[in-house]
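Quick caveat, the model's predicted, so the values are computed rather than measured. In the text below, chain A, chain B and the rest are named by the order of the sequence lines, each starting its count at 1.
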Amino acid sequence: MQTLRLMLLTKEPPLADSKLSEATPAEATETVTEHTVEHGTTTGISNNKLLMWAFLGSECLLFGALISTYLLYKERFNDFAANLAPFEQDGRNIGPRFGGEDGEGVFDIPFTSISSFILLGSSLTMVLALSAIRRSEYRSFRIWTLTTAALGSVFIAGQIYEFTEFVEKGLGYSTNIFGSAFFTLTGFHGVHVSIGIVMLLATYIMHKQGRLNSDKAETVEIVGLYWHFVDVVWILIFTIVYLFPQ
Amino acid sequence: MAITEDRPLALEAGAVTKVAARPLGALTRPQSDVGWASWFTTVDHKKIGIMYGVGSLFFFLFGGVEALMIRIQLAAPDGQFLSESLYNQVFTMHGVTMVFLVIMPMAAAFANYLLPLQVGARDVAFPRLNAFSFWCWLAGAIFLNTSWFLGGAPAGGWFAYAPNTSVTFAPGSGMDFYAIGLQIVGIASLVSAINLIVTVLNMRAPGMSLLKMPVLTWMLLVTQFLLLFAVPVITIALFLLTFDRSFGANFFNVEQGGSPLLWQHLFWIFGHPEVYILILPAFGIISEVIPTFSRKPIFGYPFMVGSGIAIGFMGWGVWAHHMFVSGVGEISVAAFSLSTMFIAVPTGVKILNWLATMWGGRLRFNTPMLFACGVIAMFTIGGLSGVTHAVAPSDTQQTDTYYIVAHFHYVIFGGSLLGMFSGFYFWWPKVFGYKLSEKWGKINFWLMLIGFNMTFGPMHVLGLQGMARRHQSYAKEDGFGFWNGIVSAGAFVIAFGTLAFLINIWLSARSAKRNPVEVGPDPWDARSLEWSTASPTPVHNFDVEPTVEFQDDWWHRKWGENEEGKIVRKAYPADIAQDGSATDVHLPSPSYWPLVLSLSLPVIGYSVIYTFWLMIPAGALFLAGFLGWALEPADDPEAAHGHADHGHDDDHDADASADAADEGASVG
Amino acid sequence: MTDTAVDAAVDAHDDHHPSDLFYLKIAAILALFTAFEVGTYFVEDSVPRWFLFLSLTVLMIIKFVMVAAYFMHLKYDTPWFRYLFIGGLVLAIGVYTIFFLAFDLFGLG
Ligand code: HEM
Ligand SMILES: [Cu+2]
């Protein structure tokens with residue numbers, strides 16, 4: 001409700017007044033481009049950034065659903081595995097079956113910790129890329145962008161490795177409800193990281209083509225927002241899925 | 001993909017731009033905005049709005065035929081018209097169609113057409129994304145309906161409760177079509193929600209502060225926020241279902257300890273906001289119609305807006321009232337029962353405000369107003385029956401009976417659909433430049449209203465007698481025969497009402513062609529900005545970007561107070577409205593790629609259902625659409641309006657990032 | 001666009017570009033917290049469970065807020081972004097908390 005009140009009270013820009021309308025368009029743009037302020041939006045915020053933030057707001061509900069499902073099924077798996085004996089009839093289990101491993105049996109915390117550090121580091125290189133392109137230091141922009149993409153790829157590679165290990169240790173996607181929930185949650189995150197890598201490479205290519213320079217640092221900023229978001233989601237997943245005592 | 005098109009859309013007031021229309025390079029953009037082909041490439045919010053309208057009416061006929069089939073089956077005891085299996089498919093598809101393929105896109109039609117106009121903008125913030133939303137919706141809708149020919153439509157009811165949806169209990173691919181089809185439709189909704197939110201927040205004309213926006217704009221904005229936050233929840237629910245069915249996950253596999261309640265929760269966390277997504281646009285529409293035809297400003301504007309927002313918030317805290325008998329525990333039941341009762345309060349505020357608006361007004365009962373009055377009356381009945389099943393013990397008796405069916409048809413048909421019809425009649429002259437016939441409009445209204453009450457009124461009785469919903473037949477001894485006969489007759493009366501609407505369109509269009517009558521910019525003496533420009537709306541919306549001083553600004557330009565405080569006319573619309581004559585206003589160029597990109601989605605769907613190999617064409621389409629979109633010149637390169645310092649690809653800015661954002665939306 | 005609006009917007013989101021050094025410091029703190037988090041894994045058996053949960057949760061929240069506030073610039077940017085993001089976040093937390101309550105996961109209901 002607080003937010004709502006703030007939204008309603010937010011001051012609107014006053015009606016057109018003299019200075020800018022007198023300036024020639026070229027002058028007018030000069031004053032603004034430096035700060036990458038969108039022309040002519042009511043709030044003065046760029047449409048593209050607003051789009052990204054709205055999207056990220058929506059993603060909260062998406063990952064919220066996945067994390068909740070995971071927590072629910074982890075708990076259910078533990079409870080049921082502890083409390084329900086198989087219900088046998090004619091030597092066949094016709095009751096619930098709770099086979100396979102769960103997190104406790106398969107997780108390799110030191111390994112995943114390294115992955116976490118790597119993803120965290122990629123957030124740093126991402127901001128460095130942004131601040132480099134803002135200062136028109138294109139060489140370091142290129143380096144940091146590629147480093148970010150590379151760190152992301154290492155993270156994904158680690159995830160793939162980890163998944164295969166888990167499967168070998170007895171936790172597959174269909175093994176039990178824990179497996180389904182775990183792989184779906186971390187898989188969704190992995191897909192998000194992969195999309196982020198594609199975005200990073202796209203910015204790199206656009207830059208190479210000369211279509212992306214310091215006056216369009218905002219593009220990099222928006223890619224960065226997405227990237228950091230994926231990172232904060234991992235902050236949640238790492239703690240909730242891996243570190244919370246089983 | 002983010003072209004903001006800010007230059008053309010944000011013209012200095014009064015400025016008119018010259019464009020040299022000569023695109024360069026291999027990847028030219030389609031230029032024409034006339035002729036049938038232009039509909040496929042258009043990025044004009046008005047054309048997209050019209051296409052949403054046509055699409056939703058088409059599916060309205062589709063869903064209507066399904067409804068008639070249900071009613072033929074149930075008209076008398078021991079019906080033989082539909083087999084059990086077919087009956088399940090028909091009622092499921094009826095519900096899914098009416099909710100996702102009729103009411104939602106119909107609301108999107110109004111949102112697309114009117115939002116930019118009402119805030120005084122030249123288009124939405126992301127015109128190409130807007131086109132993508134439409135094609136994506138259409139692709140999903142068609143995909144879903146192809147299930148009829150591919151082994152049978154989904155048959156699990158519109159809420160598709162687990163574990164009925166598992167491969168064991170639903171072995172055909174109907175459920176897969178449900179899960180993936182709604183997924184695609186969901187992407188359309190999400191993308192369009194983001195687009196419209198940015199449009200309303202960022203593209204308002206000078207002076208149009210949030211609290212000067214028309215109530216319709218507000219209600220549509222709240223709707224978009226509900227979509228923004230509700231769609232991801234159903235997205236996950238549908239993904240879990242698809243993963244269960246296609247990839248062997250165990251989410252709803254009870255044998256492995258999966259919980260059917262998980263589906264119910266996720267579905268209704270989405271589902272209850274969804275019912276407000278269905279009703280709020282109609283609330284907005286009649287909030288424009290009623291003041292206009294009462295010749296009074298809306299009563300209690302801040303309360304109107306506030307209650308809309310309150311509904312938007314509270315709608316998130318009541319979902320488990322759909323699960324009172326699902327075994328959620330008595331504390332949950334009590335809490336949700338209470339919260340549900342509270343949500344009737346802001347709804348009541350709205351009803352009182354409409355009545356107060358009409359009170360003492362000089363009422364004109366043209367067709368739009370008739371429909372709006374119909375909404376108030378019918379929705380009140382539906383709201384009241386809603387409160388009766390907010391009372392959990394009472395709901396335990398009512399749930400899964402025809403009493404519930406009566407409730408939600410009173411709110412959705414009596415509220416949403418009648419509201420949209422009010423909107424059709426109201427904005428028709430703005431969109432097409434001629435009015436629909438009043439005579440046929442009244443026939444349309446009364447047939448629908450009478451048919452509607454014949455159909456759904458008796459369902460209250462049937463429900464209380466204990467007739468369960470979703471049963472393919474009932475026995476003579478049950479004693480349901482009489483009322484069911486009436487109900488079925490009523491359904492046909494509604495069908496004739498719909499026919500009257502179609503006849504009306506046809507006759508009115510014909511007579512408008514034979515002897516055109518100038519409707520003028522503002523045939524109803526209305527209040528918001530869209531009436532200040534020519535009818536039909538010119539492609540560029542406004543010759544001059546409007547500047548807003550008041551809430552109901554357009555009305556204030558026509559009317560003022562004299563010394564005695566009496567309302568007197570200041571000006572006539574024809575004299576002060578913009579005539580749409582500006583030429584050379586630079587507008588975003590059409591594009592092929594939204595269509596191409598959206599075509600890839602159903603192919604991905606078939607691929608998940610049938611064979612992985614289809615991923616190859618799907619991927620090709622996707623890539624083509626994606627790259628084409630990213631690489632096409634955002635605009636005519638020569639059209640740099642004095643921004644020489646910016647270079648020509650000013651608008652390419654965040655292409656890549658926003659591309660990927662779209663992709664994010666579709667993948668996650 | 002008026003000059004006031006431009007100024008406002010510039011004030012709102014673009015005057016504050018933290019230096020690279022600042023980002024490095026933030027990253028160092030984040031790394032330190034992550035190290036703490038990982039550290040709990042090795043002392044899991046000697047510390048009470050509630051304390052583990054509590055400290056891990058607190059660290060997680062701090063990290064989340066730091067990345068959002070500094071790396072994502074939410075602290076300096078226009079409040080609209082905060083409304084959108086925090087709106088989604090709070091809604092998600094609220095809704096899914098009720099969801100857990102309904103599922104008896106907190107031992108209630
Ligand atoms: C005054 C406000 C309202 C209240 C208190 C209310 C209450 C309820 C309750 C408690 C149920 C569950 C009944 C059951 O399944 O046993 C229900 C069902 C339903 N309501 Fe409402 N409702 C309200 C307004 C609306 C509106 C505005 C809409 C849509 C536009 C709507 C659409 C539905 C639908 C579609 C169902 C049935 C879902 C199904 O089981 O298939 N309701 N309502
Ligand atoms: Cu509900």
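There is no contact between Phe63(A) and chain C, counting heavy-atom distances below 4.5 Å. Contacts between Glu44(C) and chain A at a heavy-atom distance below 4.5 Å involve the side chain alone, from C-beta outward. If you measure heavy-atom distances from Phe244(A) to chain C, the contacts under 4.5 Å come from both the backbone and the side chain. Thr57(C) touches chain A through backbone and side chain together, each having a heavy atom under 4.5 Å away. Using a 4.5 Å cut-off between heavy atoms, Ser123(A) contacts chain C through both its backbone and its side chain. Heavy atoms closer than 4.5 Å to chain A are found in both the backbone and the side chain of Phe53(C). Proximity to chain A (any heavy atom under 4.5 Å) is shown, for Ile93(C), by neither the backbone nor the side chain. Using a 4.5 Å cut-off between heavy atoms, Phe99(C) touches chain A through its side chain atoms alone.
For the atom pair Met72(C) CE and Arg82(C) CZ, the distance stands at 13.0 Å (nearest 0.5 Å).
For the set Ser113(A), Gly121(A), Pro245(A), the count of heavy-atom pairs under 4.5 angstrom toward chain C peaks at Pro245(A). With chain A as partner, the option from Leu74(C), Val65(C), Thr40(C) having the largest number of non-hydrogen pairs under 4.5 angstrom is Leu74(C). Taking Leu130(A), Ile240(A), Leu225(A), Leu243(A) one by one and counting their heavy-atom pairs under 4.5 Å with chain C, the maximum is reached by Leu243(A). With respect to chain C, the highest number of heavy-atom pairs below 4.5 Å among Ala54(A), Ala132(A), Ala65(A), Ser58(A) belongs to Ala65(A).
Taking the ring centroids of Trp234(A) and Phe155(A), they lie under the 6.0 Å cut-off. Remark: aromatic rings of Phe22(C) and Tyr70(C) are close, center separation under 6.0 Å. In this structure, Tyr242(A) has its ring center at least 6.0 angstrom away from the ring center of Tyr41(C).
Ionic pairing of Glu101(A) and Lys169(A) is not present here: no N-O contact between side-chain nitrogen and carboxylate oxygen is shorter than 4.0 angstrom.
Residues Leu212(A) and Tyr138(A) are not in side-chain contact: their nearest non-hydrogen atoms beyond the backbone lie 4.5 Å or more apart.
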Test side-chain contact (heavy atoms from CB on, under 4.5 Å) applied to Leu30(C) and Met66(C), step by step: CA-CA 8 Å; Leu30(C) 286 169; Met66(C) 280 177 71; 4.1 Å; yes
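Defined by atom type and a distance below 3.5 Å, a donor-acceptor pair is present between the side-chain atoms of Glu59(A) and His192(A).
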